[in-house]
Amino acid sequence: MSFPQLIGYSVLTLTVWKLLQRWASRKANTINVAGPEKEHWWKGNLESMFVDGFQRCLEVAADYGGAVKIHALFGEEWLYVSDPRALHHILVKEPHIFEESDSFISCNKLIFGDGLISTLGEQHRKQRKMLSPVFSTSNMRELLPIIQTVSYELKSILVSNLPTHNSVELDVLPWLSRSSLDCVCEGVLGYHSAALDIRNEDEYTDALRMIGPSITKTLLFRPLVPIVTRIFSLYWRKKIVDWLTISWLPTQAMRDFRELRRIIEIMDSGSRAILQEKKAALESPSAILSQTHDTPGGTRAKDMMSIMLRANASSSEPDRLSDTELLGQMNVMIFAGLETTTAAVARALYMLAKHPHIQEQLRAEICDAMAEVPDVHSHAKDESESTRLSYDALTNLPLLDAVVRETFRLYPSLPVLSRKTTEATSFPLQFPVRSAYGEEINTVPVAKKQKLIISIIAANHNQAIWGEDASEWKPSRWLDSSQGDENAVRYPGVYSSMMTFLAGNRSCIGFKFAEMEIKDVLATLLPDIRFALPSAPDNNGNVKEIYWKMGGFHIPVVKAPAGDGQTPQLPLSMQLIRE
Ligand code: HEM
């Protein structure tokens with residue numbers, strides 16, 4: 001038997017084993033809450049809910065409430081949860097019982113190393129303790145000039161594509177993705193990625209851009225990783241990966257797997273080099289000096305990594321993170337902060353294009369604030385510096401804040417997440433649901449190893465919390481002072497009582513960074529560019545209609561016949577406002 005065949009048979013055996021395990025756990029766990037009928041004998045309800053199932057995800061919660069039984073693969077049953085008290089219990093009160101799944105943790109460990117999304121328990125707690133202060137408001141304030149430089153470059157590129165008078169249609173998605181990559185590379189790693197410069201060929205930057213899509217293509221392997229890591233030692237795991245990657249099996253899956261391995265190797269060696277450079281800079285004062293002068297504005301040492309390294313060096317031995325853990329954080333931050341933020345900025349621009357009157361009001365608010373910028377910038381090197389808002393001015397613009405909050409609420413970049421129980425338990429409900437037998441219940445018993453889906457979208461669209469217009473994009477709801485009812489039921493989210501950035505000890509550590517970035521991009525682009533939905537017919541007379549496809553992320557595509565309904569793109573009509 002050849003090695004590729006051996007690997008093929010091993011994978012098959014492991015898969016059958018895994019399915020048997022699932023079947024056994026299905027027998028043991030019967031969920032006592034109501035839910036939709038099974039729609040497919042082996043896919044259950046998964047296809048209708050999680051393959052482009054935005055509306056279906058909302059319907060299921062609206063029909064059955066905040067705790068619903070749904071049918072997963074091969075008869076397995078999952079709990080689909082969006083009730084506020086249940087989410088508080090799961091994410092804030094008892095997170096050690098409702099943990100990330102084995103496959104999530106082991107895959108992340110293999111791909112990123114020992115970063116926040118690959119660790120559990122005490123190690124995760126220690127890492128959060130070290131990293132949380134790094135993302136403080138005062139550090140964001142220091143970081144803003146780095147983000148502003150990137151946003152200004154983005155604007156210059158878009159403006160350079162616009163004629164003086166007419167509007168032009170342009171796919172802005174690749175540019176938003178490149179600018180997010182530059183923000184996270186410059187802001188988090190202190191690495192000058194220059195992704196917005198398309199002539200710049202940088203293997204490391206390309207690898208960072210490709211890591212998310214490449215992981216998505218290999219999700220099929222994910223359930224097998226914990227089994228392989230449990231059975232095989234590190235030596236044999238490496239051998240298996242080598243065989244898989246050198247084998248010439250002509251399947252797409254093998255090609256995707258090989259590509260992922262290539263990307264991980266480049267990401268790992270690039271991040272290692274940056275870490276060594278930063279550690280050397282920290283140890284040598286002359287290196288620090290040269291480092292602070294080699295990027296625009298001399299702001300390089302204010303990046304998150306430099307702050308993290310300084311904090312780590314000055315912390316006590318038991319609290320200190322190892323080099324492996326620091327490296328893991330670098331890889332994780334880029335992954336966690338890239339596509340999430342790109343999707344949010346893209347959605348905000350799209351919503352503003354769809355609501356021109358709100359776009360005009362927001363533009364006026366931003367321009368008024370810029371007119372107030374004190375003359376301290378009269379010595380500024382260029383326009384990018386002379387119109388820069390301070391951190392406080394940027395974050396306190398009421399309409400900008402409302403637009404960003406409403407976009408985060410209605411279209412969370414990560415619509416659903418999963419958890420698995422480590423022991424038999426139960427959780428309380430704010431709003432009672434029907435049991436599988438029809439009576440009203442307000443506590444849901446949960447078996448050990450039960451899989452749960454945390455529905456961020458259902459929580460953020462919950463009419464009981466946000467009102468009957470919960471699914472409308474209405475920034476004014478954040479400007480209405482009557483929102484502040486102290487006794488109102490709220491979600492436990494770290495940001496604005498919504499679940500977009502989750503709650504509890506595994507909530508998003510970078511939400512202030514994401515909020516600052518999206519606000520800065522809008523504040524930089526809007527004074528100079530007017531955005532509208534595409535309206536010009538193509539050669540066949542079809543106008544491009546944008547559709548947001550829900551997978552792991554929400555991705556804009558163009559519907560047929562003007563588009564293929566698959567390729568990620570966001571064509572917007574843009575017009576220059578001033579010369
Ligand atoms: C709109 C943008 C973003 C959204 C919607 C978002 C959302 C989330 C969510 C829902 C989680 C929880 C994931 C889970 O439990 O499986 C998370 C975790 C995380 N996010 Fe974000 N995120 C965004 C931007 C960022 C940025 C810019 C960074 C870093 C610069 C970042 C770093 C992280 C990290 C490190 C974690 C893991 C935290 C932990 O496990 O302790 N995120 N994010």
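All ligand and atom numbering here is 1-based and tracks the order in the structure. Here the structure is a predicted model, which is why all the values come from computation and not from measurement.
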So, is the end of the R405 side chain (NZ or CZ) under 6.0 Å from the ring centre of Y495 and within 45° of the ring's axis?
-> yes

Atom 37 (C) of ligand 1: nearest protein contact (heavy atom, Å) | I117 CG2, 3.4 Å

Mind checking whether E100 has a heavy atom under 4.0 Å from ligand 1?
-> yes

protein heavy-atom neighbour closest to atom 26 (C) of ligand 1 works out as G337 CA, 3.4 Å

Salt-bridge criterion met for R141 and D392 (N-O under 4.0 Å) | yes

So W548 and H554, would you call those rings parallel, tilted or perpendicular, with 30° and 60° as cut-offs?
-> perpendicular

Ranked by distance from atom 35 (C) of ligand 1, the top protein heavy atom is I509 CG2, 3.6 Å

Can you sort out the partners of H96 under side chain to side chain donor-acceptor pair (under 3.5 Å), two or more places apart, ordered by chain and number?
-> E94

Please work out whether any backbone atom (N, CA, C, O) or any side-chain heavy atom from C-beta onward of V188 is under 4.0 Å from ligand 1, and answer side chain, backbone, both or neither.
-> side chain

Residue part near ligand 1, for F408, under 4.0 Å between non-hydrogen atoms | side chain

for atom 9 (C) of ligand 1, nearest protein heavy atom and its distance come out as L414 CD1, 3.7 Å

Can you establish whether the number of heavy atoms outside E203 located under 6.0 Å from its atom CD is more than 12?
-> no

Distance from atom 10 (C) of ligand 1 to nearest protein heavy atom, with residue and atom = T500 O, 3.4 Å

State, yes or no, whether a side-chain contact exists between L572 and I546 at a heavy-atom distance under 4.5 Å.
-> yes

Here the atoms of ligand 1 under 4.0 Å from any heavy atom belonging to F513 are 27 (C)

Residue S413 vicinity, atoms of ligand 1 by number, heavy atom under 4.0 Å | 1 (C), 5 (C)

Do any N/O atoms on R419 end up under 3.5 angstrom from N/O atoms on ligand 1?
-> yes

Between F531 and Y350, is the ring centre distance below 6.0 Å?
-> no

Looking only at heavy atoms, is any part of Q329 under 4.0 Å from ligand 1, and if so is it the side chain, the backbone, or both, or is it neither?
-> neither

Residues, nucleotides or ligands: over 12 heavy atoms within 6.0 Å of K549 NZ = yes

With ring-ring contact (aromatic ring centres under 6.0 Å, His included) as the test, would you mind laying out the steps for F511 and F135 before giving the verdict?
-> CA-CA 9 Å; F511 75 90; F135 286 86; 9.4 Å; no

Honestly, for T340 the part within reach of ligand 1 (heavy atoms, under 4.0 Å) is both

Of all the non-hydrogen atoms in the protein, which one sits nearest to atom 21 (Fe) of ligand 1, and at what distance?
-> C508 SG, 2.3 Å

Pick from Y411, F335, F501: the one approaching atom 6 (C) of ligand 1 most closely through a non-hydrogen atom | F501

Charged N to carboxylate O below 4.0 Å: is that the case for R272 and D268?
-> yes

of all protein heavy atoms, closest to atom 32 (C) of ligand 1 is A336 CB, 3.5 Å

Salt bridge E515-K519, side-chain N to carboxylate O under 4.0 Å = yes

Ligand-side contact atoms (ligand 1) for residue partner A514, heavy atom cut-off under 4.0 Å = 2 (C), 24 (C)

Taking distance alone, with no angle check, do S507 and ligand 1 share an N/O pair under 3.5 Å?
-> no

For ligand 1, indicate whether the residue L116 contacts it via side chain, backbone, both or neither (heavy-atom separation under 4.0 Å).
-> both

Distance filter under 4.0 Å to L502 heavy atoms, resulting ligand 1 atoms | 12 (C), 15 (O)

Please confirm whether W473 and Y411 have ring centers closer than 6.0 angstrom.
-> no

Can you tell me which residue and heavy atom of the protein come closest to atom 12 (C) of ligand 1, and the distance to 0.1 Å?
-> R506 O, 3.6 Å

For ligand 1, is S418 a contact, meaning one of its heavy atoms is under 4.0 Å away?
-> no

With a 4.0 Å cut-off on heavy atoms, is H124 touching ligand 1?
-> yes

For R419 and L452, indicate whether the former's side chain and the latter's backbone hold a donor-acceptor pair under 3.5 Å.
-> no

